[in-house]
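Shown next, in structure tokens, is the structure this report addresses.
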Amino acid sequence: MGDTSHHHQVLIVGGGTAGITVAASLRRRGRRAVDIAIVEPSDTHYYQPAFTLVGAGVYDLARTRRPTDSLLPAGVGRIKAAAESFDPANNAVALSNGDTVTYDYLVVCTGVKFDWRKIAALREALGHGGVCSNYSPDHVGYTWECIKALKPGGRAVFTQPPLPFKCPGAPQKIVYLTADHLRRQGIRADVDVSYYVHAPVIFGSPIRR
Ligand SMILES: Cc1cc2nc3c(=O)[nH]c(=O)nc-3n(C[C@H](O)[C@H](O)[C@H](O)COP(=O)(O)OP(=O)(O)OC[C@H]3O[C@@H](n4cnc5c(N)ncnc54)[C@H](O)[C@@H]3O)c2cc1C
């Protein structure tokens, strides 16, 4: 879906879960007449919460993928480009395709960007030798390979970094799903499952009794 207009009443930068939801919400609240455009470079949208299930071997990675355009609410145009810089004094956004687009209202939903390099050698280690991550479609398939390969006497180490990261529940969920897989295999007691958290607690909110 191309877009040739260079001014929109509402410009949404980032057409992931948040960007598409904001556009749909504006439409659903009766704002049919409002001109909305989404700046999103990727033709593919991933339903990221299901990565946890892919890593646990109970969901197919292909089912997490949809064409981005198929998810846009009717009447919402996509500008296939990335935002390069913001010029709020002029209500303008410069795009990677060289265009500048202006707006009345701007919504920024560019999500969280991975920076594997923040941990020394992680980028090189990922995807082999038992090092996996559920946070990327490029690596989540390998998580299930690693879990399947666990044998009595083996050790599975899971980590949770400090925020910000994409989903605080995700690191815990794959631990529980791994433990469940091991239980079903009858080897739960024979595999050491460790969970390393940055904080002294695993839930941010205190338990109310
Ligand atoms: C493994 C995993 C498990 C999760 N589990 C859950 C769960 O159980 N429940 C739950 O609620 N949430 C879960 N989440 C979190 C959920 O997926 C995110 O909160 C959600 O996707 C965030 O939406 P977003 O639109 O902010 O970011 P995203 O969905 O990541 O979208 C950001 C978009 O911005 C685009 N973008 C980036 N830079 C630019 C730019 N410069 N210009 C234009 N576009 C740009 C990207 O291409 C992308 O499409 C999980 C996430 C992961 C990874």
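One-based numbering, in listed order, for ligands and for the atoms of each. The shown structure was predicted, so the numbers you read here are calculated from the model rather than taken from an experiment.
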statement: Closest to atom 31 (O) of ligand 1 among protein heavy atoms sits G16 CA, 3.3 Å
- prompt: Where is the nearest protein heavy atom to atom 43 (C) of ligand 1: which residue, which atom, and how far?
  reply: V39 O, 3.4 Å
- line: The closest protein heavy-atom partner of atom 1 (C) of ligand 1 is N134 O, 3.4 Å
message: Side chain, backbone, both or neither: which applies to K173 and ligand 1 if a contact is any heavy-atom pair less than 4.0 Å apart?
response: side chain
query: Has H45 got any heavy atom lying under 4.0 angstrom from an atom of ligand 1?
result: no
Residue Y105 excluded, over 12 heavy atoms near OH under 6.0 Å: no
field: Minimum non-hydrogen distance to atom 5 (N) of ligand 1, winning option of G14, C167, P168
entry: C167
query: Is it true that atom CZ of F165 has more than 12 heavy atoms of other residues, nucleotides or ligands lying nearer than 6.0 Å?
result: yes
message: With the threshold set strictly below 4.0 angstrom, can you tell me whether any protein non-hydrogen atom sits that near atom 11 (O) of ligand 1?
response: no
field: Shortest heavy-atom approach to atom 2 (C) of ligand 1 - which of K113, K166, Q48
entry: Q48
query: In the protein, which heavy atom is nearest to atom 36 (N) of ligand 1, and how far is it?
result: T110 O, 4.0 Å
field: Distance-only side-chain donor-acceptor flag, H7 / D104, under 3.5 Å
entry: yes
message: Counting non-hydrogen protein atoms only, what is the nearest one to atom 53 (C) of ligand 1? Give residue, atom name and distance.
response: Y135 CD2, 3.5 Å
task: Would you kindly specify which portion of C109 sits under 4.0 Å from ligand 1, judged on non-hydrogen atoms: side chain, backbone, both or neither?
output: backbone
- request: From the options G15, A83, A81, select the one whose nearest heavy atom is closest to atom 42 (N) of ligand 1.
  value: A83
- request: Any atoms of ligand 1 less than 4.0 Å from a non-hydrogen atom of A18? List them with their elements.
  value: 23 (O), 24 (P), 25 (O), 26 (O)
- prompt: Any idea which protein heavy atom is nearest atom 26 (O) of ligand 1, and the distance to it?
  reply: G111 CA, 3.6 Å
field: R66, CZ atom: more than 12 neighbouring heavy atoms under 6.0 Å
entry: no
field: Closest protein heavy atom (residue, atom, distance) for atom 23 (O) of ligand 1
entry: T17 CB, 3.6 Å
- prompt: Side chains of Q160 and Y196: is there a donor and an acceptor less than 3.5 Å apart?
  reply: no
message: Check for me whether P41 has a heavy atom closer than 4.0 Å to any atom of ligand 1.
response: yes
message: Hydrophobic clusters here meaning ILVMFWY residues chained together by side-chain heavy-atom distances under 4.5 Å, can you tell me if L182 and F158 are in one?
response: yes
query: Which residue and non-hydrogen atom of the protein lie closest to atom 49 (O) of ligand 1, and at what distance in Å?
result: E40 OE1, 2.7 Å
field: Heavy-atom closest contact (A83 atom, F86 atom, distance)
entry: CB-CZ, 4.2 Å
query: N134 and T143: side-chain donor and acceptor closer than 3.5 Å?
result: yes
